[in-house]
Protein chains: 2
Amino acid sequence: MPVIRQSLGEVVYDRLLSAILSGQLVGGNELSEVTIADQFGVSRTPVREALNRLAGDGLIENGRNRRAIVRTVTREMVVEIYQVRQCLESGAARLAAGRMNSAELARLDAISAAVRPDGIAIDQNQALAFDAELHGSIARHCGNRRLAEEVRRYTNFVPIFQRLAGRRDDRLLLAYEQHLTIIDALRAGDAEQAAAAMTHHIQSALVVLLDDVFPEAPQSA
Amino acid sequence: MPVIRQSLGEVVYDRLLSAILSGQLVGGNELSEVTIADQFGVSRTPVREALNRLAGDGLIENGRNRRAIVRTVTREMVVEIYQVRQCLESGAARLAAGRMNSAELARLDAISAAVRPDGIAIDQNQALAFDAELHGSIARHCGNRRLAEEVRRYTNFVPIFQRLAGRRDDRLLLAYEQHLTIIDALRAGDAEQAAAAMTHHIQSALVVLLDDVFPEAPQSA
DNA sequence: GGGTTGTTTTTTGTATACAGTTGACAGTAT
DNA sequence: ATACTGTCAACTGTATACAAAAAACAACCC
């Protein structure tokens, strides 16, 4: 019954993505197309589309006989994802530094102000919204739509990880201050400073995430 | 008749990719699934797979009623691709600097030596092979398989562009010297130097490519 | 008993059939 | 003549049918 707003392939993709990153679908699991199709009540066609996209995201690998196998979400995988984000988003910030107009900067300032309405306490929802808005704004204003798209692909992973890590005021505050540093660099038009601040911000987010989700040896990244 | 080494979807993808980047398929063109299927003598299924992958590569966009439209290969698109490569590959070089062992460095040295067998003239084929080998080696030794995969995705574009740009000894020589600089940095374990050298190398390749393929105003990147 | 080979079952790759939506065109009414 | 409407054609999304390959299992030979 194709009364499509979001195609079935996208639905299956979204649900599988969430299931893998949140740990419901554990690594090493073999994903049979027919099994998934039955579970979702759809045919193999949209399932294949979803699996292809997941393979493109590097979340499933092709085992023997091209069978889809869920890649384990390990500490290493998270590090890899955040390192790629670091490459992409610091590059985007470097490009955006010279291109972001004052209207957009003012808009970010306004959203920023809502994070600490009384100047002291932090509004957790606003803080997360600000984070998403800042990263998105930088991507949109880097002058490279392709780079923006790559950033967006990796941004898909972030909310799920954020949910895994939980919210803590001290960490949100730390991230908030990093956000302000990034905006300062953007406003100053300092490309290298913007890139460095973004690199530091993402590195910091990685450490927090690892601490919460993979509390093993302190770090190695 | 599935006697598949390379699936039909991959064949269609490869040929369409090449056709788009080389300009045989011009931008704005609407790609009907049935038309392409007929042209290649296959059914719509592998064509859909190929189109999905091309959409993932940002080479086609979804027009009205989700119809696939070839994106025009403009100067701007090439700039965008090379900027993303710059982000990814300089990051890979930064990571690889500390991780590349002496055996791999020796292997690269050997390939390097074959580029100028008599120490003066340059072997064009060997030079291109060395280029591919160096970029691939850095990706493989950056310690981040995901980043390596992203690099590889973008490396698919390169040979087609290289063919468009043609070969000239002076340019190959320039690139060769940049390669040596990169290897020096890797050998020294100087991450920042390696990243900077890679950035410069890709930037240089972009300028050459633009000069040849889009000989408009000198540059703006 | 172990290894090899033939068969069966499962799974993927591909083709085709069907349903629903959208754009185009023609015809009619104003 | 123009605007509206109904029909049609083309296209995509989805489901299903079919073919080939591979893995699992069993039987057989040594």
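Every heavy atom of this structure was used, including side-chain atoms; hydrogens, water molecules and symmetry mates were not. Each chain gets a letter, A, B and so on, in the order its sequence line appears, and its residues count up from 1.
Near DNA chain D, defined here as any heavy-atom distance below 4.0 Å, the residues from residues 32-45 of chain B are B:S32, B:E33, B:V34, B:R44, listed numerically.
In this structure, B:R48 places its CZ atom 14 Å from C1' of C:dT16, rounding to the nearest Å. Separating the CD atom of B:E61 from the P atom of D:dT12 is a distance of 15 Å, rounded to the nearest angstrom. B:Q6 has its CD atom 18 Å from the C1' atom of D:dA21, to the nearest Å. Here the C1' atom of nucleotide C:dT12 and the CD atom of A:E49 are 17 Å apart, to the nearest Å. Separating the CD atom of B:E10 from the C1' atom of C:dT12 is a distance of 13 Å, rounded to the nearest angstrom. Rounded to whole Å, atom C1' of C:dT22 lies 15 Å from atom CG of B:N62. For the pair B:E30 CD and D:dT12 C1', the computed distance is 12 Å after rounding to whole Å. One atom, CG of B:N52, and another, C1' of C:dG13, lie 16 Å apart when rounded to the nearest Å.
Taking a cutoff of 4.0 Å between a charged side-chain nitrogen and a carboxylate oxygen, A:E149 and A:R146 do not qualify as a salt bridge. Note on A:R44 versus A:D38: no salt bridge recorded, every NZ/NE/NH1/NH2 to OD/OE distance being 4.0 Å or above.
Put simply, the side chain of A:M100 does not reach to within 4.5 Å of the side chain of A:C142, judged on heavy atoms. Looking at heavy atoms from C-beta onward, B:S137 lies in side-chain contact with B:E104 at the 4.5 angstrom threshold.
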Ignoring hydrogens and angles, write down the donor-acceptor pairs under 3.5 Å from the side chains of residues 12-19 of chain A, residues two or more places apart or on other chains.
from	atom 1	to	atom 2	distance (Å)
A:Y13	OH	A:D57	OD2	2.3
A:D14	OD2	A:Q6	NE2	2.8

(request) Show your reasoning for whether salt bridge (Lys or Arg N to Asp or Glu O under 4.0 Å) applies to A:E33 and A:R48. (result) CA-CA 7 Å; A:E33 294 176 0; A:R48 283 177 67 83; 3.0 Å; yes

(request) Could you please spell out the steps behind the side-chain contact (heavy atoms from CB on, under 4.5 Å) verdict for A:N29 and A:I69? (result) CA-CA 6 Å; A:N29 220 325; A:I69 298 181; over 6 Å; no

(request) Show the numbers, then the answer: is there a side-chain contact (heavy atoms from CB on, under 4.5 Å) between A:F214 and A:L209? (result) CA-CA 8 Å; A:F214 300 96; A:L209 180 56; over 6 Å; no

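Under the 30°/60° scheme for interplanar angles, the aromatic rings of A:F161 and A:Y82 are found to be tilted.
Among the atoms of the strands shown, none is found under 4.0 Å from any heavy atom of A:L51. When heavy atoms are screened at a 4.0 angstrom cut-off, B:R67 is found touching the sugar-phosphate backbone but no base atom.
Helix-axis bend for the helix from C:dG1-D:dC30 to C:dT30-D:dA1: the local axis fitted to the five terminal pairs at one end deviates from that at the other end by 10°, rounded to 10°.
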